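First up is the structure itself, then whatever we jot down about it.
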Protein chains: 2
Amino acid sequence: MEIKPQLCQVQDALSILGGKWKPMILLFLMLEGTMRYRDLKQALPGITPKMLTSQLRELEQEELISRKVYPQVPPKVEYSITAYGMTLRPILDAMHAWSVEHMARKAARVAQG
Amino acid sequence: MEIKPQLCQVQDALSILGGKWKPMILLFLMLEGTMRYRDLKQALPGITPKMLTSQLRELEQEELISRKVYPQVPPKVEYSITAYGMTLRPILDAMHAWSVEHMARKAARVAQG
DNA sequence: CGGTATCCGTGCAGATACTG
DNA sequence: CAGTATCTGCACGGATACCG
């Protein structure tokens with residue numbers, strides 16, 4: 001059987017979802033449509049402002065999310081998923097489905113050491 | 001709209017596919033069924049023996065692949081995907097499909113800097 | 001409110017050499 | 001053939017403090 005080199009392109013998708021918080025950020029924005037900075041910070045327990053900003057900037061640069069600044073005091077910034085970002089949904093759904101399906105197995109492995 | 005905490009389980013799938021070479025190893029084994037150590041090494045250009053071994057060991061520990069040793073000289077070791085490993089296929093397929101679909105966009109971004 | 005700036009530890013991954 | 005062993009670096013992520 002011949003292996004098609006194309007198959008190695010899987011790396012591309014992985015590099016985009018690679019950041020520790022990126023999948024969750026994308027998921028939240030997919031579901032909420034729009035969230036402010038502090039909403040995301042609350043939704044992601046334990047994330048530092050530096051990490052949140054860097055992850056958001058990277059996703060924005062990939063054009064997966066968009067950033068809208070309201071020029072007012074106090075500042076207001078809204079993040080939302082783009083149409084392009086939405087194309088990642090099948091991947092996230094597949095990962096989510098798998099994780100839910102196999103949580104029991106993982107729990108058993110942890111229990112037995 | 002309510003966010004379901006379950007959705008954050010996406011991290012589990014990601015941690016399993018996280019290694020740099022793991023997705024490709026899994027893909028090759030899914031397609032070939034069985035491969036020897038040196039076949040994998042050849043199939044993964046640039047991988048060092050240390051990395052290949054460590055990635056294989058981790059996948060084996062997760063029971064995603066199985067390792068069969070033939071006690072002979074010179075040694076012969078075969079790796080193959082398990083039924084459990086096969087359950088990851090939808091994720092890898094989704095990632096592959098997305099990557100193929102969006103290679104053009106990536107190429108354009110690289111071209112323009 | 002929505003970020004920056006700075007410092008720091010660790011873990012992943014590569015290079016190289018050696019072995020049963 | 002199928003690995004180990006050892007050394008190395010640097011990107012990733014975290015902690016903390018500060019700013020327009």
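Reminder, nothing fancy here: chain letters follow the sequence lines and each chain counts from 1. Since the model is a prediction, treat every value here as computed from it, not as a measurement.
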task = Answer with base, sugar-phosphate or nothing: what part of the nucleic acid does Lys76(A) contact at a heavy-atom distance below 4.0 Å?
result =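 Lys76(A): backbone/sugar contact only, no base atoms under 4.0 Å.
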request  = Determine the contact category for Tyr70(B): base if any of its heavy atoms lies under 4.0 Å from a base atom, sugar-phosphate if only primed atoms, P, OP1 or OP2 are that close, otherwise nothing.
outcome  = nothing
[Y] side chain reached by [X] side chain, heavy atoms, under 4.5 Å:
X	Y	value
Thr87(B)	His102(A)	yes
Leu52(A)	Trp21(A)	no
Leu17(A)	Val10(B)	no
Leu59(A)	Leu29(A)	no

Contact boundaries on DNA chain D for chain A, cut-off under 4.0 Å to non-hydrogen atoms =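 Range of nucleotides within reach of chain A: dG13(D) to dG20(D).
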request  = Using distance alone, with no hydrogens and no angle criterion, decide if Ser66(B) and Ser80(B) have a side-chain donor and acceptor under 3.5 Å apart.
outcome  =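 Yes, side-chain donor-acceptor contact under 3.5 Å.
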query = Does Asp39(A) use its side chain to pair, donor to acceptor, with the backbone of Arg36(A) at less than 3.5 Å?
reply =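 Side chain of Asp39(A) to backbone of Arg36(A), a donor-acceptor pair under 3.5 Å: yes, one is there.
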query = Where the side chain of Gln11(B) meets the backbone of Lys20(A), is there a donor-acceptor pair that is under 3.5 Å apart?
reply =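 Such a contact is found between Gln11(B) side chain and Lys20(A) backbone.
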query = Taking atom CG of Leu27(A) and atom CZ of Arg89(A), what is their separation to the nearest 0.5 Å?
reply =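 The distance works out to 7.5 Å.
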Could you tell me the separation between the [atom1] atom of [X] and the [atom2] atom of [N], rounded to a whole number of Å?
X	N	atom1	atom2	answer
Lys41(A)	dT4(C)	NZ	P	13 Å
Leu17(B)	dC12(C)	CG	P	16 Å
Lys20(A)	dG11(C)	NZ	P	12 Å

inquiry  = Using OP1 and OP2 only, check whether a side-chain N or O of Arg36(A) sits under 4.0 Å from dC1(C).
reply    =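 The answer is no; no side-chain N or O of Arg36(A) sits under 4.0 Å from OP1 or OP2.
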task = Give a yes/no answer on whether the side chain of Trp21(B) brings an N or O atom under 4.0 Å of OP1 or OP2 in dC12(C).
result = no
All N/O donor-acceptor pairs, side-chain side in residues 72-79 of chain A, below 3.5 Å, sequence neighbours left out:
| from | atom 1 | to | atom 2 | distance (Å) |
| --- | --- | --- | --- | --- |
| Glu78(A) | OE1 | Tyr70(A) | OH | 2.9 |
| Tyr79(A) | OH | Arg67(A) | NE | 3.2 |

request  = Can you sort out which residues in residues 48-62 of chain A have a heavy atom within less than 4.0 Å of DNA chain C? Ascending by number, please.
outcome  = Pro49(A), Lys50(A), Thr53(A), Arg57(A)
ask   = Closest nucleotide of DNA chain D for Val77(B) versus for Gly19(A): which of these residues is on the 5' side?
value = Val77(B)
